[in-house]
Number of protein chains: 2
Amino acid sequence: MIFENLGIAKQSEESHTGQDNESTSMTLAEKAYESLRHDIIRGAFQAEQPLRLADLKTRYDMGFSPLREALNRLQAERLVVAEALRGFKVAGLSVAELQDATRTRIMIESQALQMAIARGDDAWGAKIVGALYALKAQAARSGADKDVWELEARHHAFHRALLEACGSDWLLEFFERLYAATERYRIPILIESDVPTGRDIQAEHTALAEAAIGRNADLAVDLLRDHYTRTADTILGLMDAPKPKRRK
Amino acid sequence: MIFENLGIAKQSEESHTGQDNESTSMTLAEKAYESLRHDIIRGAFQAEQPLRLADLKTRYDMGFSPLREALNRLQAERLVVAEALRGFKVAGLSVAELQDATRTRIMIESQALQMAIARGDDAWGAKIVGALYALKAQAARSGADKDVWELEARHHAFHRALLEACGSDWLLEFFERLYAATERYRIPILIESDVPTGRDIQAEHTALAEAAIGRNADLAVDLLRDHYTRTADTILGLMDAPKPKRRK
DNA sequence: GCAAGCATGATTTTCGAAAATCTTGGAATT
DNA sequence: AATTCCAAGATTTTCGAAAATCATGCTTGC
């Protein structure tokens, strides 16, 4: 299956080194956390792969302590699984978890979106418009200007902007958790851009933004649900089937 | 306000030393996590209180490493707040957060309860009945047999049993997060059992269990909402008002 | 008198070594 | 041949010291 393409093969690529580092006043443990989270979500490690401390030590160039602290945080976020005296490994991926995460995500974000539409002010609308513009601009780039990670960052920023006015820190935290969990599943689509989706995803984003800003809560929630359901269905199709290129 | 009674005053009490310790095959870091989580939730530390490593070292009798790992996990759960190079402190409490947590909790648990009612089998019902029995038995005890922490454990077990058949790990995790967050606010009521609630809480639990097992989803959700709303209102009343005993 | 700068002690953060535990592979036994 | 036991190496976990940073109060200069 397509997912097996990720991971070990790419492991020799450069590791993330903490972009939004204020480089000063940022502890090594925080850098380790951001780098590891980044690398796990983006598939630099295989799912279930053991994370040996000696390897991480050389990869990120720091001692045990900050690495273990970062791994403990990631364990609490369920991106990493720890077993006593047997170390850490990357959390697994499964069809069941993707389905659960998608269902829960739709529920959480629908609620947050309704609340944001009820409470959002002009600053909220402005941020959505700006994020949508930036997202579409990046999506339109191809060739040398193409950058799936920048696209992914803007995609996240757009979806967060939609919900940010909801006024509930708890809902926003759960949004972030579910976004991270499902992003891991979307990586294959992101990288292999020749996966046929039969969708105009940026048109879906535009419609969603217009419904939200137009305070059409019912429509916006419907569009959000469809948006996530379609994405999940595409991924589920890839997870069952092997790569479409050469079917045996 | 009543909340100020907690914390530093009680800090000299014995610390939690990890009950469900399989004592073997449990690392110090895990014990530190459980003990710290236990002590924070139950108010052994004041809200916002700095958690100095030297103090924790003597309190829990272990070195820096396992303590810092535990604190990092708790930071990810938002029971502890970390500031770079300035250490850790217990997360704060606020009216706004209690309201947010209560609202979100009702939403999450309503969904989980509906799903559990739709999917639950006899084992699910049996666990609810058993948990309810144990809860009521403990609630009936007074005098020397009274044990608010055992009562609290059984209360948690009962509410978890209601939802456990929902089939969503994500919903169950969010339930646990919100339960822990709101438990911190309920401690004053638990300890000062003379707080007048004007409720028969065990009757509420019984009605809830019967509605769930009877597959009356709409009624069960209504009862759950009322149950949590009443509790939150009681606490909010205490948070604004000073202690009722001697008003100045 | 008051603010800025600085020394000092307190505290956090990080490292490398030591201790504890797991894993692997081979030898001994049945 | 299969199983158990054991030793050696690999790995995780924990500790205590060193490094880095923060907080406090004092001095200095204006």
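Only this structure's heavy atoms are used, side chains among them; waters, hydrogens and symmetry mates stay out. Quantities reported herein were computed from a predicted structural model and do not represent experimental measurements. Reminder, nothing fancy here: chain letters follow the sequence lines and each chain counts from 1.
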Kindly state each residue pair satisfying salt bridge (charged side-chain N to carboxylate O under 4.0 Å, His left out) with at least one member in residues 43-54 of chain A, sequence neighbours excluded.
-> A:Glu48-A:Lys89
Rounding to an integer number of Å, can you tell me how far [X] [atom1] sits from [N] [atom2]?
| X | N | atom1 | atom2 | answer |
| --- | --- | --- | --- | --- |
| B:Leu51 | C:dT11 | CG | P | 13 Å |
| B:Asn72 | C:dT12 | CG | C1' | 12 Å |
| B:Lys57 | D:dT14 | NZ | P | 14 Å |
| A:Glu69 | D:dT13 | CD | C1' | 14 Å |
| B:Met26 | C:dT21 | CE | P | 15 Å |
| A:Met62 | D:dA19 | CE | C1' | 16 Å |
| B:Leu56 | C:dT13 | CG | C1' | 15 Å |
| B:Leu53 | D:dT21 | CG | P | 17 Å |

Just call it for [X]: base, sugar-phosphate, or nothing, with non-hydrogen atoms closer than 4.0 Å on any strand.
| X | answer |
| --- | --- |
| A:Leu67 | nothing |
| A:Leu71 | nothing |
| A:Leu28 | sugar-phosphate |
| A:Thr27 | sugar-phosphate |

Output all residues satisfying ring pair (Phe, Tyr, Trp, His ring centres under 6.0 Å) with A:Phe64, sequence neighbours left out; order by chain, then residue number.
-> none
Taking only residues two or more places apart in sequence, or in another chain, which ones meet A:Tyr33 in a ring pair (Phe, Tyr, Trp, His ring centres under 6.0 Å)?
-> none
Taking salt bridge (Lys or Arg N to Asp or Glu O under 4.0 Å) as the test, write out the residues that go with A:Arg68, two or more places apart.
-> B:Glu69
Taking only the side-chain nitrogens and oxygens of B:Arg68, find out if one of them lies under 4.0 Å from OP1 or OP2 of C:dT13.
-> yes
When you measure from every atom of DNA chain C, which of residues 78-88 of chain A have a heavy atom less than 4.0 Å away?
-> A:Leu85, A:Arg86
Report yes or no: do B:Arg160 and B:His156 form a side-chain donor-acceptor pair below 3.5 Å?
-> no
Please check if any side-chain donor atom of B:Glu30 sits under 3.5 Å from a side-chain acceptor atom of B:Thr27, or the reverse.
-> yes
5'-most contact on DNA chain C: A:Ser65 or B:Arg52, nearest heavy atom basis?
-> B:Arg52
Could you work out which one of C:dC15, D:dT12, D:dT14 sits closest to the side chain of B:Ala29?
-> D:dT14
Of the candidates C:dT12, C:dC15, C:dG16, the side chain of A:Phe64 sits closest to C:dG16
Listed by chain and number, what are the side-chain contact (heavy atoms from CB on, under 4.5 Å) partners of B:Asp121, not counting sequence neighbours?
-> B:Ala123, B:Trp124
